[in-house]
Amino acid sequence: MLRLSGVTVRFGDRTALDAVDLTVEDHETVCLLGPSGSGKSTLLRVVAGLQPADAGRVSLSGRDQADVPTHRRGLGLMFQDHQLFPQQDVAGNIAFGLRTGVRSGGGAGARPGAGRLSKAERAERVSELLELVGLPGAQERAVGSLSGGEQQRVALARALAPTPRLLMLDEPLGQLDRGLRERLTVELRQLFRRLGTTVLAVTHDQGEAFALADRVVVMRAGRVAQTGTPREVWQRPASSFVARFLGFENIVPATVRERGADTPWGRVQVPKGTPSGRCELLVRPAGVRLTPPEEGLKCTVTGITFRGGASAMVSVLLQPVAGPPLTAESPLSRAPDLDETVGVTFTGHEVVVLPNAAEPA
Amino acid sequence: MSGPANGLRSRTVSAEPAVHDTGGPAPGANASRPPATRSVRRRAAGVRLALMAVPVGFFALFFAYPVVTIVGRGLRADGRWQLDRVGTVLGDPGVQQVLWFTVWQALASTALTLSVALPGAYVFARFRFPAKRLLHALVTVPFVLPTVVVGSAFLALLGRGGALDELWGVRLDTSVWAILLAHVFFNYAVVVRTVGGLWAQLDPRQEEAARVLGASRFAAWRAVTLPALVPAAGAAALMVFLFTFTSFGVIQVLGGPRYATLEVEIYRQTASLLDLPTAAVLTLTQFAAVATLLLGYGRLVRRREAALPLVAAAHTARRPSGAGQWALLWAVLVTIAVLLLLPLGVLAERSLRGPDGGHGLVFYRALFELGDSAAFLVPPVEAIGNSLAYALAATLVSLLVGGLAAAALSRRAGRIVRGFDALLMLPLGTSAVTVGFGFLIALDEPPLDLRSSWILVPLAQALVGVPFVIRTMLPVLRAVDDRLREAAAVLGASPFQVWRAVDLPLVRRAVLVAAGFAFAVSLGEFGATVFIARADHPTLPVTVARFLGRAGELNYGQAMALSTILLLLCGAVLIVLERVRTNNAGEF
């Protein structure tokens with residue numbers, strides 16, 4: 001469906017996108033994940049034709065888009081702050097893409113003038129979409145009277161109305177409160193499944209990306225840092241940058257010898273087949289086992305954080321006698337007290353060797 | 001009075017509530033404050049009344065009273081109103097011709113100004129290019145120029161022996177084109193600043209959203225940007241129409257005997273023919289037309305308050321890309337150079353000529369001499385000092401009256417107060433000639449015998465200055481977040497300390513800007529001043545007009561020299577203003 005090769009965008013001497021390659025298959029939901037300034041939104045703008053690329057190719061359904069203006073690309077784009085048209089009511093906003101006369105669908109490519117709908121058909125489509133996003137009967141409401149969540153839904157309905165072959169979402173749920181965000185993420189995922197929509201979304205929230213996406217693309221400073229399913233990325237971060245961005249903190253330099261690695265925390269078991277030499281090591285909190293003080297690495301408990309949510313787990317912040325601080329995970333019932341001295345051992349299958357230690361994090 | 005526009009200022013007034021939607025409380029948000037006790041409320045009303053007393057008194061005494069007196073002088077005979085004169089005067093074919101010309105030249109000027117200035121508004125709003133800020137200031141210079149200087153500049157360019165005449169033998173001063181072009185020259189900034197100011201703040205992503213939904217570049221502009229701009233463009237058009245409808249100085253200089261607007265005709269009837277009844281009817285006609293226009297304007301401004309998603313103007317401008325955008329940018333720059341800068345340049349060049357065809361300061365030197373004619377009682381150069389002194393006094397009066405009115409209007413506004421708001425713009429559209437002559441007739445008896453007092457001129461000039469002061473200060477005062485005052489009060493500040501700590505720092509800059517505009521406008525006031533300035537104390541515009549009314553190269557050259565001095569004075573004031581304003585977040 002969408003294929004980017006070597007796309008580069010420069011703003012003055014700052015490179016926003018640096019030779020990015022990316023593909024999105026039909027009916028796939030891909031999430032671009034990265035900190036702000038990593039080039040995610042610029043990438044969406046390049047795909048939409050709102051931002052010319054300095055180098056590289058964008059092709060949709062196998063057709064190069066270099067000479068195709070924005071309005072003929074047959075895309076949907078949901079802006080971060082919605083950009084609903086204040087002069088038009090809800091129905092007017094949703095019907096906008098139906099009136100412009102360029103419709104596209106099912107990967108057939110943009111067909112100018114094809115499928116222009118009559119007024120009655122448009123009204124029917126609008127009410128259909130409002131039904132779909134859970135706002136039935138909102139046609140005549142003024143845009144200004146909508147709450148944040150409602151604006152979100154109208155923006156989504158507007159983007160979906162012309163059945164775009166690729167729907168792009170820029171921080172789709174960024175401005176909503178947590179509860180609404182989690183509910184909408186699930187709803188969106190189900191909706192895209194049902195409609196078979198191809199989606200390219202951008203977010204800086206890993207939870208959102210993991211919940212929404214079939215595939216996650218982690219970006220860093222205009223480059224793709226890692227691509228994979230949410231599970232792959234979470235289990236095997238490709239670099240310490242990705243690991244840290246996902247919220248992991250137990251990362252230390254290490255030297256691998258045979259089945260173990262020498263770290264400031266002592267010797268840690270590593271997966272079979274890990275090549276010898278210098279690298280960085282991630283120990284997921286679940287792999288940090290708390291033991292009585294006489295066993296393993298001796299640590300002082302410096303902090304305990306309740307995670308909230310449904311899980312009864314707490315994060316335990318530890319200061320080992322040697323090496324950087326550690327985070328461990330513990331059930332609430334067995335959590336140690338503050339300032340208590342505990343021991344720590346590491347479980348091998350929660351240890352991840354981060355390959356490119358050469359690159360500074 | 002064909003003074004400069006207040007359209008610029010009112011832009012902020014209307015854009016401001018929209019900005020508020022995302023930030024602090026809107027002006028009307030005061031209503032949600034906890035209910036005040038009766039005594040507090042009564043005291044607030046008392047304060048408002050006290051603040052209002054001076055402006056109301058000022059306008060009653062120096063605007064309503066003179067105008068009513070002179071209209072009454074014209075329309076009352078034998079102790080009765082002679083309203084049948086209205087029909088007689090308006091039935092006169094000569095008057096009808098004047099009316100027709102007034103309307104159509106105003107319509108044509110407005111259409112021409114819009115078509116020339118709207119591309120300029122777009123370029124200033126959306127493109128980034130070198131020296132943009134300087135150019136933005138330069139474009140505004142004509143707008144604060146005295147109309148007489150505008151007339152002289154076009155005379156120097158298009159008139160007999162003008163630059164075009166010398167080069168190609170083209171003369172336009174006998175055609176209506178000179179008038180229309182001068183009006184475009186004068187009002188270009190109104191459109192660029194009113195429309196362009198809003199345009200620059202419209203979020204470009206609105207258009208992008210439409211583009212992604214399948215709208216072509218033009219369709220997106222038409223569907224999203226145009227509706228957002230229509231009220232602003234309409235308000236700008238109305239302002240331009242108002243200024244050209246009441247145009248006096250420009251037509252007086254360029255119109256010759258063939259073309260006269262209502263205002264020029266009022267002057268002719270009053271000053272030359274002493275036909276007060278006709279002048280009174282014409283004044284009333286103009287008054288009715290202007291009041292209707294202002295009502296429409298008020299309605300447009302209110303409509304403009306529909307909340308638009310506005311963003312900081314600095315983020316929306318980009319370097320032009322593509323041949324089309326570069327061509328547009330250059331077209332606008334060339335237009336500005338030819339239409340706005342060339343006349344000013346020619347004016348300055350003319351003033352530096354000598355009788356022998358070379359260049360020198362002959363005309364400037366001549367300003368220091370009394371000359372052989374009996375036209376002047378004092379050396380013309382004294383007009384500079386007079387003008388500066390008058391303008392200074394007028395500025396002080398404007399600041400006092402306008403500041404008090406703005407302070408009163410910025411408080412919780414009821415319907416009556418809002419009506420007062422619109423009323424304050426009336427002096428801008430009322431016949432300045434009538435006001436001037438009314439001053440002479442009404443203010444010459446005790447207890448108000450000001451006829452021989454120097455204060456008469458600054459008072460008349462302040463009538464045009466006050467609306468500017470109000471338009472500048474009101475949005476700033478209204479924008480002061482009430483919670484700031486509350487925070488100061490909670491920290492133990494007395495009302496005076498609150499004012500000094502919160503209001504004053506925010507308003508100080510607006511006061512400076514208001515003072516500058518009031519000064520420039522007073523400096524250029526012509527229609528009223530021409531009546532009341534005493535022969536031994538002429539102002540610059542009056543002297544320029546007198547020079548232009550006399551034959552001979554020396555008179556013409558001296559007019560150019562004085563106009564250049566006036567131009568430099570106004571330009572200097574404006575550039576200082578731009579500097580003050582660049583630190584100011586708000587668009588004017």
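Heavy-atom basis, side chains included; hydrogens, waters and symmetry copies ignored. Letters go in sequence order (proteins before strands), and every chain restarts at 1.
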By residue number, those in residues 45-56 of chain A with heavy atoms under 4.5 Å from heavy atoms of chain B are A:Arg45, A:Ala48, A:Leu50
### Query
Parallel, tilted or perpendicular: which describes the rings of B:Tyr122 and B:Phe127, with under 30° parallel and over 60° perpendicular?
perpendicular
One option among B:Ser216, B:Ala223, B:Ala219 has the most heavy-atom pairs under 4.5 Å with chain A, and it is B:Ser216
Applying a strict 4.5 Å limit to non-hydrogen atoms, the region of B:Ala220 in contact with chain A is neither
Those residues at least two apart in sequence (or on a different chain) that pass salt bridge (Lys or Arg N to Asp or Glu O under 4.0 Å) with A:Glu128 are A:Arg125
Hits for salt bridge (Lys or Arg N to Asp or Glu O under 4.0 Å) against A:Arg10, two or more places apart or cross-chain, chain-then-number order -> none
Q) Quick one: does A:Leu156's side chain get under 4.5 Å of A:Leu191's, heavy atoms only? A) yes
Residues passing the ring pair (Phe, Tyr, Trp, His ring centres under 6.0 Å) test with A:Phe85, sequence neighbours excluded, are A:Phe96
Rounded to the nearest 0.5 angstrom, the CG-CZ distance for A:Leu84 and A:Arg158 is 5.0 Å
- Judged by atom type as modelled, is there a donor-acceptor pair below 3.5 Å linking the side chain of A:Thr198 to the main-chain atoms of A:His27? yes
Cut-off 4.5 Å, heavy atoms of chain A, and the answer for B:Ala209 is both
